[in-house]
Amino acid sequence: MKLALIQHDIVFGDPEANYRKVEELINEAQEKADVLVLPELWTTGYDLTRLDSISDTEGETTKRFISRLAKTHQKYIIAGSIAKQTDTGVYNTMLVFGPAGGLLHEYDKAHLFRLMDEEKFLNQGDKSASFSIGNKRAAGVICYDIRFPEFIRTHMIHDQQVLFVVAEWPKARLDHWRALLLSRAIENQCYVVACNRAGSDPANEFAGHSVIIGPWGEIIAEAGEAATILYGEADLDQVDDVRNRIPVFQDRRPSIYDVT
């Protein structure tokens, strides 16, 4: 699996500018990758107070936009997440598209981050984060979700081989970002493909450091802080080998675990 993680500086509160920039970046990245990944809330950034006017109704504008690009280039696109307006409120929603342009999966962020006031403006989701890329099983979560290992584990026990993470992770907690992602890779014996944003908004400076981590916990590729496209490869067949060598999933004893 050839990967391109698009770590760009999101224009605060300006979906049209972000669509234009993302199209340029996808057109550039698609030549070197089978799967392209965008960061969290890439259409609006964290302009939460204006979501009523700038969020995407049912995600329809973004779905048409990404569907066209996926079909044109015949690539899988993990389309980060967007602010999706619905009849019941706004959700922080991950979208996944296949090379024929079809929408493969939607996932609404399950854990809302109080330090950035998400709970004041967004609804929490309760959908599954699991999906497939061809014949490969995957899961995709959003930023703060990675602090909940029991949630991630529930999505990795059914032979998922790769965990996609999309984020707007602040620079102040860069050490947490790296440590949590490494932990999720090692404990779940899977690839972790994590796309963060670059740059800043009026209230935050973001960490960048998008990263691809292998199932032994090895860093395959990692970006710095600046806007960039991070390329790397994941040999998903390695996942079964690692799980056979150290049979963590076979040795689990869920009957004695109490995580309530």
Side-chain angles (χ1 to χ4, degrees), residues 1-6 26 29-40 63 66-67 69-81 93-108 110 127-142 145-146 149 151-167 181-196 210-222 229-250 252:
M1 180 182 290
K2 295 181 179 179
L3 300 157
L5 282 60
I6 297 175
I26 285 177
Q30 60 85 24
E31 295 182 359
K32 299 180 181 179
D34 308 311
V35 179
L36 299 93
V37 189
L38 295 169
E40 179 184 18
K63 289 174 183 177
I66 297 294
S67 175
L69 291 172
K71 185 175 182 179
T72 296
H73 299 304
Q74 297 187 330
K75 307 293 182 180
Y76 288 94
I77 301 179
I78 313 298
S81 74
T93 303
M94 174 184 282
L95 303 171
V96 179
F97 286 81
L103 177 64
L104 303 181
H105 187 66
E106 291 187 52
Y107 161 72
D108 300 325
K127 296 179 180 178
S128 169
S130 295
F131 58 93
S132 295
I133 294 180
N135 63 352
K136 303 298 185 182
R137 294 285 292 155
V141 298
I142 303 172
D145 285 334
I146 66 172
F151 176 70
I152 304 298
R153 176 53 63 87
T154 64
H155 288 89
M156 302 307 293
I157 59 175
H158 303 295
D159 297 323
Q160 283 83 353
Q161 295 170 303
V162 55
L163 175 69
F164 291 96
V165 181
V166 302
L181 292 172
L182 283 165
S183 297
R184 300 297 85 83
I186 293 167
E187 70 197 7
N188 291 295
Q189 300 172 309
C190 68
Y191 280 89
V192 169
V193 177
C195 184
N196 197 23
S210 297
V211 64
I212 301 168
I213 304 171
W216 285 117
E218 74 277 21
I219 302 293
I220 294 169
E222 183 173 7
I229 301 173
L230 179 70
Y231 297 100
E233 294 192 31
D235 178 4
L236 299 188
D237 291 337
Q238 287 188 3
V239 172
D240 288 341
D241 180 60
V242 172
R243 290 176 177 174
N244 288 331
R245 288 174 183 247
I246 305 177
V248 169
F249 287 89
Q250 296 177 44
R252 292 175 66 247

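The chain is numbered in sequence order, starting from 1.
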Under the 3.5 angstrom rule, does the side chain of [X] hit a backbone N or O of [Y] as a donor-acceptor pair?
X	Y	answer
Ser81	Met94	no
Asn244	Asp240	yes
Gln189	Ile246	yes
Asn188	Ala185	no

How would you list, by chain and number, every residue that makes a side-chain hydrogen bond (donor to acceptor under 3.5 Å, both in side chains) with [X], sequence neighbours excluded?
X	answer
Asp159	none
Gln74	none
Lys75	none
Glu187	Arg184

- Begin with the C-alpha distance, continue with both residues' side-chain angles, and end with the deciding distance and a verdict on side chain to side chain contact (heavy atoms under 4.5 Å, CB included) for Ile78 and Ile133. CA-CA 10 Å; Ile78 313 298; Ile133 294 180; 4.2 Å; yes

- Shortest non-hydrogen contact from Ala29 to Ala4?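 What the structure gives for the nearest pair is CB-CB, 3.9 Å.
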
Once side chain to side chain contact (heavy atoms under 4.5 Å, CB included) is applied, do any residues pair with [X], and if so which ones, sequence neighbours excluded?
X	result
His105	Val96, Tyr107, Phe131
Leu182	Ile213, Ile219
Asp108	Lys84, Tyr91, Thr93, Lys127
Lys2	Asp34, Glu233

- Message: Val166 and side-chain contact (heavy atoms from CB on, under 4.5 Å): which single residue from Leu5, Val37, Leu38 fits?
- Response: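 Between Val166 and the candidates, side-chain contact (heavy atoms from CB on, under 4.5 Å) is satisfied uniquely by Val37.
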
- Message: Test side chain to side chain contact (heavy atoms under 4.5 Å, CB included) on Phe249 and Arg243; report intermediate values, then the result.
- Response: CA-CA 7 Å; Phe249 287 89; Arg243 290 176 177 174; 3.6 Å; yes

- Message: Can you list everything that forms a salt bridge (Lys or Arg N to Asp or Glu O under 4.0 Å) with Asp241? Sequence neighbours excluded, please.
- Response: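 With sequence neighbours excluded, Asp241 shows a salt bridge (Lys or Arg N to Asp or Glu O under 4.0 Å) to Arg245, given in chain and number order.
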
- Query: Quick one: salt bridge (Lys or Arg N to Asp or Glu O under 4.0 Å) partners of Glu218, sequence neighbours excluded?
  - Reply: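 For Glu218, no residue satisfies salt bridge (Lys or Arg N to Asp or Glu O under 4.0 Å) once neighbours in sequence are set aside.
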
Nearest 0.5 Å, what's the [atom1]-[atom2] distance between [X] and [Y]?
X	Y	atom1	atom2	answer
Leu230	Glu222	CG	CD	8.5 Å
Gln30	Leu36	CD	CG	7.5 Å
Ile152	Ser183	CD1	OG	11.5 Å

- Residues in ring pair (Phe, Tyr, Trp, His ring centres under 6.0 Å) contact with His155, at least two apart in sequence or another chain: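 So His155 forms a ring pair (Phe, Tyr, Trp, His ring centres under 6.0 Å) with Phe151.
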
- Task: Could you list all the salt bridge (Lys or Arg N to Asp or Glu O under 4.0 Å) pairs where at least one residue sits in residues 129-140, not counting sequence neighbours?
- Result: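 Sorted pair list: Lys136-Asp237.
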
- Between Ser130 and Gln160: side-chain donor-acceptor atoms closer than 3.5 Å: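 On atom types as modelled, these side chains qualify, holding a pair under 3.5 Å.
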
- Pair Leu3-Tyr231, side chain to side chain contact (heavy atoms under 4.5 Å, CB included): steps then yes or no: CA-CA 6 Å; Leu3 300 157; Tyr231 297 100; over 6 Å; no

